[in-house]
Amino acid sequence: MGPYEIAQRLGVSRQRFQQLARYPTFPKPYQELRGMKVWLADDIERWIKEYRQPRPTEDDTPA
């Protein structure tokens with residue numbers, strides 16, 4: 001996954017993704033291709049499960 005795909009998956013801007021990528025807990029890139037870093041999707045999904053709080057949905061709001 002590249003930065004754009006990860007930002008979309010997280011529901012954040014690319015700038016916010018860049019901030020998150022600097023966290024010590026964020027997975028290390030799998031490879032760097034011509035100046036662009038890429039991550040394994042499994043590593044990103046594991047990080048999301050462990051470190052991201054679920055976002056509230058419409059069903060979570062009180063009526």
Atom pairs and distances, side-chain donor-acceptor, residues 23-41, under 3.5 Å, sequence neighbours left out:
{"unit_1": "Tyr23", "atom_1": "OH", "unit_2": "Arg16", "atom_2": "NH2", "d": "3.3"}
{"unit_1": "Thr25", "atom_1": "OG1", "unit_2": "Trp47", "atom_2": "NE1", "d": "3.3"}
{"unit_1": "Trp39", "atom_1": "NE1", "unit_2": "Pro27", "atom_2": "O", "d": "2.9"}

ask   = Do you know which two heavy atoms are closest between Ser13 and Ala7, and how far apart they sit?
value = O-CB, 3.9 Å

ask   = Which value, rounded to the nearest 0.5 Å, describes the distance between Arg52 atom CZ and Ile44 atom CD1?
value = 11.0 Å

key: Single-linkage hydrophobic cluster Tyr51~Phe17, side-chain heavy atoms < 4.5 angstrom   = yes

inquiry  = Would you compute the distance between atom CD1 of Ile6 and atom CD1 of Ile48 and round it to the nearest 0.5 angstrom?
reply    = 8.5 Å

Flag side-chain contact, heavy atom, 4.5 Å: Glu5 against Leu10 = no

Those residues that, when tested against Arg9, pass salt bridge (charged side-chain N to carboxylate O under 4.0 Å, His left out) (two or more places apart) = Glu45

